[in-house]
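Structure first, then comments.
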Amino acid sequence: IITTRGLKYIPGDTGTGNPATWCTAIAVHYTGYYNGMKFDSSRDANRALIFTPGLGALIDGFEQGVIGMPSCATRRCTARWWADSRGTPL
């Protein structure tokens with residue numbers, strides 16, 4: 001799927017509840033992989049990431065990737081949204 005802002009993602013679990021919207025605080029769990037290796041995970045730290053999409057506090061992949069997601073939904077985003085031009089995680 002490609003969003004109107006160009007984010008490409010693969011939908012996973014559909015989740016339930018109201019979808020996340022711009023400028024509304026949310027709490028999310030995430031796991032980041034690079035070349036098949038996990039490099040970061042909020043679940044491993046047992047601490048959700050709390051942020052407000054649309055304020056520009058995080059990388060575009062997080063800001064755009066959660067919009068429209070109901071509670072407990074999952075998505076996989078392409079590296080372009082969380083890595084630099086060399087593929088190094090931001």
Just to verify, what does Ser41 make a side chain to side chain donor-acceptor pair (under 3.5 Å) with, not counting sequence neighbours?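 Expected list: Thr31.
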
Could I get the full list of side chain to side chain donor-acceptor pair (under 3.5 Å) partners for Thr3, not counting sequence neighbours?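 Not a single residue meets the side chain to side chain donor-acceptor pair (under 3.5 Å) criterion with Thr3.
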
Going by the rule ring pair (Phe, Tyr, Trp, His ring centres under 6.0 Å), which residues pair with Tyr9 if we only count those two or more places apart in sequence or in a different chain?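 Ring pair (Phe, Tyr, Trp, His ring centres under 6.0 Å) check on Tyr9 returns nothing, list empty.
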
Atom of [X], atom of [Y] and distance for their closest heavy-atom approach:
{"X": "Lys8", "Y": "Ile2", "answer": "CG-CG1, 3.7 Å"}
{"X": "Phe62", "Y": "Tyr30", "answer": "CZ-CG, 3.5 Å"}
{"X": "Arg75", "Y": "Gln64", "answer": "NH1-O, 4.5 Å"}
{"X": "Glu63", "Y": "Ala57", "answer": "OE2-N, 3.2 Å"}

Anything under 3.5 Å between a donor and an acceptor, one on a side chain of residues 11-28, the other on a protein residue two or more places apart or in another chain? List them.
| unit_1 | atom_1 | unit_2 | atom_2 | d |
| --- | --- | --- | --- | --- |
| Thr21 | OG1 | Thr24 | OG1 | 3.0 |

To the nearest 0.5 Å, what is the distance between CG on Leu58 and CG on Leu49?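 Nearest 0.5 Å value for the CG-CG distance: 5.5 Å.
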
Residue pairs passing the salt bridge (Lys or Arg N to Asp or Glu O under 4.0 Å) test where at least one lies in residues 31-52, sequence neighbours excluded: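 Qualifying pairs, neighbours excluded: Lys38-Asp44.
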
